[in-house]
Asks: 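Shown below is the structure under consideration.
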Number of protein chains: 2
Amino acid sequence: MTFGSADERTVAGSPGDVLTLIGTGSATTRADLAKVTGLARSTVSQRVDALIEHGLVEETDNGESTGGRPPRRLRLHTAGHVVAGVDLGATHCRTVLLDIGGTVLATREDTIPIAEGPEAVLAHADERIKGLLAEAGRAPATLKAIGIGVPGPVEHATGRPNNPPIMPGWNEYPVPEFFAGRHDAAVLVDNDVNVMALGEHRNAFPGTGYLLFVKVGTGIGCGVVAGGRLHRGAQGSAGDIGHIRVSGHDDAGCRCGNSACLEAVAGGAALARRLTELGYPAETGADVVALVQSGNTQALRLVREAGRLIGEVLAGLVNFFNPEVIVIGGALARVHDHLLAGIRETIYRRSLPLATHHLVITPSRTGVDAAAFGAGLLAIEHYLAPDNINRIMEALPS
Amino acid sequence: MTFGSADERTVAGSPGDVLTLIGTGSATTRADLAKVTGLARSTVSQRVDALIEHGLVEETDNGESTGGRPPRRLRLHTAGHVVAGVDLGATHCRTVLLDIGGTVLATREDTIPIAEGPEAVLAHADERIKGLLAEAGRAPATLKAIGIGVPGPVEHATGRPNNPPIMPGWNEYPVPEFFAGRHDAAVLVDNDVNVMALGEHRNAFPGTGYLLFVKVGTGIGCGVVAGGRLHRGAQGSAGDIGHIRVSGHDDAGCRCGNSACLEAVAGGAALARRLTELGYPAETGADVVALVQSGNTQALRLVREAGRLIGEVLAGLVNFFNPEVIVIGGALARVHDHLLAGIRETIYRRSLPLATHHLVITPSRTGVDAAAFGAGLLAIEHYLAPDNINRIMEALPS
DNA sequence: CGACTTACGTTGATCACCGAACAAAGAAGC
DNA sequence: GCTTCTTTGTTCGGTGATCAACGTAAGTCG
C-alpha cells in the first residue's frame, strides 16, 4: 500500500520558496511575502537579505503607497545569472541566451545537420553559447544552466537520447557530460516538443493545469503538460502521436513500418509528396505552406484535410486526457486558419461535450525560437527550483 | 512566467510525514525513520510518541536483531480508525469496511438502481455502512472517511457528479453534504474506474508511476495513474476512452450520436447484441462471458476481435501516454485469455518499440470488490495524508 | 561471561522563527 | 506645516523545535 506523497503542502517558507514567489511575481514586496508564506515579517526580511547577499534578488524603486510607508519592490537580480537554451533540429541549431527572469538577451541560428553526431553538434552549440555570452557582455561564469531540446526521445533524468530515429550516433550519448568540463552549469536535455510545450505553457497559459502542444512539421509530435508540469511518461516517449492510426488510410505506408499513421497522411512530408504527385512540386512543410499562401487550392484542400485527420487523433486524446488547452505549432501552423478549421471541426464533432465545453484550441503564440526559448525555461526552472536555491545558499553561507 | 512548484522536496519530517512512512512500510522502526527522514533519533522518538498518544501508531513485537538490541516495530494503530468504500454501479451498491491499514473488515453487496436518485441510493449506502460497522464491532465514531465510486464523471474537489449520462437526478448533486450530519467523516467521490485504477495501483503496482486501468464491461472506460496519482483532467472526465473512433466500423452507431466508437463495437452491450443477431441470445457482458466459457466459437471470435479493437485504441494511448502497466479489468476481463490476446497483439504491432519495450499488459488481480476497495483506499489516503494528520494533531495537542 | 553492536531515551545547547517594540516614510486631516 | 495615522521594514529578546552527545537497554558473538 502507498499513500499520497508528501508534497502538496501550503506554500512553505524556505529561501528557495521565497525566491520562487518573487520570481513568479506572486509576491513583490516583503510585506507581500509575509502574507503569502505566513512567516513573520522579521523572518521574511532575514530571508530576503540573504537572497540579496547572494545576488539573487534586488530591490528596485518603491511601490505605490496605500496610505502608509511605500513598500520596497523586489525582483530577481538578473545581472549575474544567465542560462542558455539550445534547439537542435534535423538540420538547424538555434541558440538563445536568457537572464533568469526569462528575458531574451541574444539569439543565434545556423545550419548544422544533427547527423554529424553529438561531439560535432554540441561543440558547435557550445561555440554559439560562448558567442552569445560575449555578445551580451556576460561573463562565462554567469552561465548557470543549459537547456537543450533535441528531435527525439530522451531519458530526461540522465540527459541521454533514447533510440532517436533521426539522430544517428546520439543513442545513449551522455549530453550533460559533454559540457562538464566546459561550464559550471547544469545541463537539462529534453525532447524538442516538450520544451515547446513548456515555453507555450509558461508564456501564454501559466495558470493552466493541462495543456497539449501539437507540433505539425515534417512529422507530428505532441508535448504534454499535466498538473502544470511536463509529462514525459515511463520512458520519456510520451506525446509521440505521429504514429497513431487514423481511419480510412490503410494504404498509406509509414516509415515506421505500419500504415495509416497520422504522420504518414498529415505530416508536412506526406503533404509535400502528395502535392508533388498532383503536379505541384514541394519537398518540405515550408513548401506546402508557400503553396497555400500562394492560393493553391489543392494545397489548401490537403491542409484542411490534414487538420481533420489530426483532429481525429486529438479528439481521442481529448477524451482520454481532458486538457484545457490545445496549442497548434510547427511549420504548418503558419497556415493555421486552414489547419485549425479542420482540427476544431473534428474535435468538436468527435469528443465528449464535457471535455470540449471549456476547451481552448489555439495557434502557438511563440515564434520560431519557441523551442530554444522553452529549453531556456527548462534551464531557468531547474536553476531557480527551491531545492537548488536552498543548496546553493547552504553551500555559500556568505 | 511560472517556476516549478514547491513540492518534490526530500522526505520532510512532520508528524504526518512520519506516519506516512510507517503506513507505507517505508520505515518500520524508529531507527529506520531517522535514516529515511534525516531527523535526529531523538526527534523521531518524540514524533512517534505523539503519534502513539493520538492512537495512530502502535508498537508491535520486537524485530530481528542484527547483532545488537532488536528494534521495536511500529505500525499503524488500526483499531480506532476505519473507513468505508462504496461502489455504486448502474444497478448495484457494494460496500466495504476497511481499517486504515487497508484490511477488509466486512463487505456487503446488494441491488439498487442508481436511477432511484441520490437521496434514496445514498441513504441505502449509509444504512449498509452502519450495518458493516455493527458487524465488525466498530463504534460509529471510528469511521473517519468515506470513499464513493460512481459510474460517471465527477468534479472530485466538490464531490458533485458532472453531467453523468446514466445517473438521472445526480447532476451537480453535492454527495458529501448528504453525509454531513450523519458521520463526522470526510467524503471523497470519484469515478468508479478511477478508484479501480487506484486500488489496482496501490495493491499490485505500488512502485509504478504510470498505469492505465481499462474496464471492459457494458461500456469501456479507463482510469489513469500518472506520477503515482490519479489523473482526472481539467473537468474530471479524463479516461473516457469508450468513444474514441476505431477504424473500419463507420456503420456502427453509438448512443453518443457518433459512429465507430470503441464502446459501440467492443463493449459488452455491443458484443451481446451482435451475438443475439447471430442466434445466440445475450443481453449483458456477463452473458457474453458465459457463452465464451461454454465454448461458443462465435462469442470467442467476437471477444478476440473486441480485444484487437481495444488494442488499437490503447496502442495510440501507449504512444501518447507511455505507461508502464496496462491492467485489463471489468466483466469481460473474466475471459481475459482471449481478450488480452487481441489487445496485446495490436498494441505490440501498432505502438512504438520504445514505449512497449518494458510495457506490462496484465489482467486485473483485484476481484469483484475492486471498485469498493479502491474507493476505500481513496478515503484512507485522504485521512492519512500528512496535511490531514498534522491538522488532527495540532487540533488535539493531547 | 565480557566485548561488541544496535536501539532508544535524556539532556543541555543551538538555531530558526516569532512577536513586540521601534524606526522609516509616506498619506490624511486640520 | 504640523500632527496623526497607516503601512513597511528592522531590531532584539524570547520560545520552542531540533540536534548532538551521552547514557541506558537489550540483544549477538567469540
Side-chain angles (χ1 to χ4, degrees), chain A residues 9-19 21-22 26-54 57-75 386 389-391 393-395 397-398, chain B residues 6 9-19 21-22 26-54 57-75 386 389-391 393-394 397-398:
Chain A
R9 60 193 60 245
T10 51
V11 186
S14 76
D17 295 323
V18 170
L19 183 67
L21 291 169
I22 296 172
S26 312
T28 58
T29 72
R30 290 172 174 83
D32 263 11
L33 285 166
K35 261 175 224 140
V36 174
T37 62
L39 296 169
R41 289 208 308 279
S42 48
T43 309
V44 169
S45 274
Q46 186 179 300
R47 293 277 153 77
V48 170
D49 289 348
L51 287 167
I52 291 176
E53 276 206 34
H54 278 82
V57 166
E58 62 183 351
E59 289 187 336
T60 65
D61 56 326
N62 283 359
E64 287 287 292
S65 164
T66 58
R69 171 174 172 173
R72 279 188 245 167
R73 280 239 192 76
L74 303 170
R75 69 172 175 204
I389 293 296
N390 291 342
R391 272 195 307 117
M393 298 194 57
E394 278 170 28
S398 178
Chain B
R9 60 192 61 245
T10 51
V11 185
S14 75
D17 295 322
V18 170
L19 183 66
L21 291 169
I22 296 172
S26 312
T28 58
T29 72
R30 291 172 174 82
D32 264 11
L33 284 166
K35 260 175 225 140
V36 175
T37 61
L39 295 170
R41 289 205 307 280
S42 49
T43 310
V44 169
S45 275
Q46 185 179 303
R47 292 278 153 77
V48 171
D49 288 349
L51 287 167
I52 290 177
E53 276 207 33
H54 277 83
V57 166
E58 60 182 352
E59 289 186 337
T60 65
D61 55 327
N62 283 359
E64 287 287 292
S65 164
T66 58
R69 170 174 173 174
R72 277 187 246 167
R73 280 238 192 76
L74 303 169
R75 69 171 177 205
I389 293 295
N390 291 342
R391 271 196 306 117
M393 298 193 55
E394 278 169 28
S398 175

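Lettering of chains follows the sequences in order, A, B, ..., and the numbering in each one begins at 1.
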Asks: Is the phosphate of D:dG9 approached by A:Ser45 (side-chain N or O, under 4.0 Å from OP1 or OP2)?
Replies: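 The answer is no; no side-chain N or O of A:Ser45 sits under 4.0 Å from OP1 or OP2.
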Asks: Hey, which of B:Leu74, B:Leu51, B:Asn390 is the one that makes side chain to side chain contact (heavy atoms under 4.5 Å, CB included) with B:Leu19?
Replies: B:Leu51
Asks: How would you list, by chain and number, every residue that makes a salt bridge (Lys or Arg N to Asp or Glu O under 4.0 Å) with B:Arg41, sequence neighbours excluded?
Replies: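 Listed in chain order: nothing, the list is empty.
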Asks: To the nearest Å, how far apart are A:Met393 CE and C:dA16 P?
Replies: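 Rounded to whole Å, this separation is 12 Å.
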Asks: If you apply the rule salt bridge (charged side-chain N to carboxylate O under 4.0 Å, His left out), what do you find for A:Arg30 with A:Glu59, and how did you get there?
Replies: CA-CA 10 Å; A:Arg30 290 172 174 83; A:Glu59 289 187 336; 2.7 Å; yes
Asks: Can you find a heavy atom in the side chain of B:Asp17 that is under 4.5 Å from one in the side chain of B:Arg47?
Replies: no
Asks: Rounded off to whole Å, could you give me the NZ-to-P distance for the A:Lys35 and C:dC18 pair?
Replies: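 Those two atoms, NZ and P, are 16 Å apart.
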Asks: Set out, line by line, the N/O atom pairs under 3.5 Å between protein and nucleotides 26-28 of chain C.
Replies:
residue : atom : partner : partner atom : Å
C:dG26  : N2   : A:Gly67 : O            : 3.0

Asks: Nearest-Å distance, CG (B:Leu33) to P (C:dG9)?
Replies: 12 Å
Asks: Nearest whole angstrom, please: distance from the P of C:dT6 to the CG of B:Asp32.
Replies: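 Distance, rounded to whole Å: 14 Å.
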Asks: Give a yes or no on whether the backbone of A:Leu33 and the side-chain of A:Thr37 come within a donor-acceptor separation of less than 3.5 Å.
Replies: yes
Asks: For the residue pair B:Arg75 and B:Val57, establish whether any side-chain heavy-atom pair is separated by less than 4.5 Å.
Replies: no
Asks: OP1 or OP2 of D:dT10 sitting under 4.0 Å from any side-chain N/O of A:Arg30?
Replies: yes
Asks: Pick out the pairs of N or O atoms, protein on one side and nucleotides 19-22 of chain D on the other, that lie under 3.5 Å.
Replies:
residue : atom : partner : partner atom : Å
D:dC19  : OP2  : B:Ala40 : N            : 2.8
D:dC19  : OP2  : B:Thr43 : OG1          : 2.6
D:dA20  : N6   : B:Ser42 : OG           : 2.9

